[in-house]
Amino acid sequence: MPLTRFFSASLRLCGLIFILTLGIAAQKVPEPKDVLGFTPGDDRKLAAWSQIVEYFKRLDAASDRVTFEEIGKTTMEAPFVYATISSPENLKNLERIRNINAMLADPRKIKSSDLLAKKYIAQGKTIVLITCGIHSTEVGSTLSSMLIAHRLASSNDPEVQNILKNTIVLLVPSLNPDGVDIVKNWYDKTLGTPYEGTEPPELYHKYVGHDNNRDWYAFTQVETQLTVEKIHNVWHPQIVHDIHQQGAYGSRLFLPPYMQPVEPNVPKQIVEGFTELGNYIAADLRKKGFQGITTNSTYDAWTPARAYSHYHGGVRILSETASAKLATPITVTFDQLRGGEGYDSKKESPNFGPVWKGGEWKLRNITDTMTTAAFSLMDHAADNRTKWLDRFYRIGKEAVRGRKKGETYAYIIEWSGGNPWNLRGPLEYAGVEIEQVAEFSYNGKQYPDRTWIVRMNQPYGVFAKTMIEPQPYPTLLDDKGNPIAPYDVTAHSLALLTNTKVTKVESPIRFSEPPLSAGSGMGTGMGSDRKYVKLIYRSYVPSMDEGWTRWVLEKNLFEIEFKLGRRISFEPGLNPRLLKGDLWPDVETIIFPDQSANSILNGYAKGSMPEEYTGGLGKEGASRLRKFVEDGGTLIFLNRSTEFAIQQFGLPVKDVTKGLARKDFYIPGSILRTEIDTTNPVAKNMPAESIAWYENSPAFEIQTDPLALANNFRIIARYPSDPKKILLSGWALGAEKIAGKAALVEFKMGKGKIYLFGFRPQYRAQSVATFPLFFNAISN
Ligand SMILES: [Zn+2]
């Protein structure tokens, strides 16, 4: 037998033995490139959502370590999916493992017995949820999800075996599947042109763009709802790994612990957990040769909007890897490296290092960093299984223990003010138990039957507390006395945002069940008529507020039509329509969401994007808008866009915050008190005192000298003249600067009207308290 034949025969024999010993399945586990045609992380290659779904389906079919399921549809009807990965034995016992975890999550189920808990901890598994791709231009994580899944499904090395045996890994390849294709389509369209690697000229989520990870307490978007309802609330993970990318010129990788401030309701065991795990991964990656790693910098843990798990027994391990230009490599010189809040990229320090000297940075660096960090995280979850489960149990036990006198015992949700369902809905979504109780009295006040109460001693009582109480954000100043910017906004009290009155109960009350009775019905009815158009301005420089505006208006279309008594439609007002289209008479209102005046006026500069996406409304657009109002139309400007109106129409208004130094005036996303002129039709159904979501906002002073205009404006909302009364929740430095100033003004111009909202009345779909002002302005 010639040598080659012998060789191939013995190879075949080896192969046969291999198949017989290891089983056919292990041999057939597909690699990502078998489906995609490339390996995730290759330069200039992005995968379509359908390919990613196909890959996971094939993994599920080939491997007994993977199950994969569709749990719903995205906003744009794509499949929303996740994979469950563990040892074949664990996958057969999933139901039991889930039940064990549910008992540890809610120790009332085992009467908080430490003995029983110990037994279940011995049998339980660490639940690890890995979420990728919430921000679709951060392309690395969705690609890495396939590399992570492939290794878990195919490798027999001890590290992987240990993970499979001790953990249940829930892997979400993308929290925003629609965006995967929006970004890929744009990337492929511009590939090889001067615009390769630019960001798409539209939001990468139909409504909310990048704000999709600011939705984890209001739960407005279907992707958030599916993740919370079908993954978090079913599995109660101890560890949530949320994989992101940051800018290209800072650290190569951020990991927890988070910077101060940490929101005070976050349990101390959570802080202990994310500190231990973040530091472990950072040390492990340094050992493996990764550079430029920072912890305890840039990202704080203040807002629950990004951290559902912090109020549900699980740590959130945010990782932020440096970006390239989508899938296109870049070169970063040492000089281009910048520091961030809490570290310097060019200098080693206790929370940063070793220094990365610069050089080429490409998608492969990103996927290598992400997959290595994810495995490091899973190693820790597996090696410390009982520690994670014990910590999880202790959080639950503290949550459900009886409250003593002087502690917050419960909250009473009152029926005065707004519609308390706006608060109750999100609380219940997050697993908070709300009881209807029989009549009772507290502090001398009599409460009727079916009053809603929220007890503190329940698994997610801290979530309720965080949503109900106002936030006192700490005054954080640097050594020069300048405010240190929070990572995001500083307030999140849903009770205030929804105008729901809540009373705190500080002594134990015995509540009893209410008597039975029937529910209520609701009338409908609307004559069909000609449809009038309300345009929402949409710039090619995407504005998340535009998306939120669209979402809020579509959701409340019926209510607005009801006010008007006729049918309307909301349509996008893109530059071409406003510059050339026939606006009048069908269009009766144009709404400008929060966006800078410069961005509305000028848009993208020529040469920075393909020609058709450049430019703004310009002078021509402004004069067409002026004519539109003079002929009887209504213009509504929200927050920063008010400056466009003031400049372009020469309105006699001054923004008193303009030019103020940060040191003297700083309100970075807070809830302020406003006083309302309830005689104005726009204030219909509003109380005399309300709120304003204040973030990069103006405050108006009317310049009284142009006599002709004196009767042509009305102030509908203003800030209290006593500065101490202005802040309701969050942080306000120099509030006296806006004391007594106007927050909402109406101007008459010709036959039409202009509304200047110096705040965001529809902020992230959360500021329900001020929706009526907005809807009334639209239908006035
Ligand atoms: Zn991100």
Side-chain angles (χ1 to χ4, degrees), residues 46 74 129-145 148 171-184 186-187 197-200 202-217 221 223-224 227 240-256 258-259 274 278 281 292-295 297-310 315-327 330 338 340-341 361 363 365-367 369-371 373-374 377 485-489 542-544 547-548 669 764:
L46 293 178
T74 66
L129 168 61
I130 301 181
T131 55
C132 303
I134 193 165
H135 293 150
S136 311
T137 47
E138 301 163 13
V139 296
S141 61
T142 293
L143 292 165
S144 296
S145 72
I148 293 166
L171 180 58
V172 181
S174 174
L175 285 172
N176 178 24
D178 297 338
V180 171
D181 287 342
I182 291 172
V183 171
K184 178 185 161 56
W186 175 252
Y187 185 73
T198 55
E199 305 217 337
E202 61 178 306
L203 293 173
Y204 55 62
H205 174 279
K206 183 179 176 188
Y207 294 112
V208 303
H210 196 85
D211 261 356
N212 55 0
N213 79 327
R214 306 295 194 269
D215 195 37
W216 297 93
Y217 63 76
Q221 302 301 306
E223 293 80 7
T224 325
T227 312
V240 178
H241 184 25
D242 195 21
I243 312 182
H244 285 247
Q245 280 171 232
Q246 55 183 354
Y249 299 99
S251 68
R252 298 299 92 192
L253 174 66
F254 161 85
L255 289 163
Y258 299 98
M259 281 184 83
F274 67 59
I281 303 170
I293 301 171
T294 177
T295 54
S297 62
T298 310
Y299 306 92
D300 64 36
W302 182 258
T303 175
R306 297 191 305 272
Y308 184 82
S309 63
H310 281 180
V315 300
R316 174 183 187 240
I317 300 296
L318 167 72
S319 72
E320 295 270 1
T321 302
S323 296
K325 281 185 83 178
L326 299 179
I330 56 168
R338 290 189 309 256
E341 196 73 68
W361 188 256
L363 194 49
N365 298 104
I366 297 169
T367 56
T369 306
M370 288 175 172
T371 50
L377 174 136
Y487 180 69
D488 194 7
V489 300
S543 155
M544 289 181 279
W548 282 116
R764 288 178 182 168

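One-based numbering, in listed order, for ligands and for the atoms of each.
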Straight-line distance of Thr294 OG1 to Tyr299 OH, nearest 0.5 Å:
9.5 Å
Taken to the nearest 0.5 Å, the spacing of Ile366 CD1 from Thr321 OG1 works out to 7.0 Å
With 2.8 Å as the limit, jot down which protein N, O or S atoms are around the Zn ion (ligand 1).
His135 ND1, Glu138 OE1, Glu138 OE2, His244 ND1
Quick one: are Asp488 and Arg306 in side-chain contact, heavy atoms under 4.5 Å?
yes
Could you tell me if the ring centre of Phe274 sits under 6.0 Å from that of His310?
yes
Flag the pair His241 / Ile317 as yes when at least one side-chain heavy-atom distance between them is below 4.5 Å, and no otherwise.
yes
Between atom CD of Glu223 and atom NE2 of His205, what is the distance when rounded to the nearest 0.5 Å?
3.5 Å
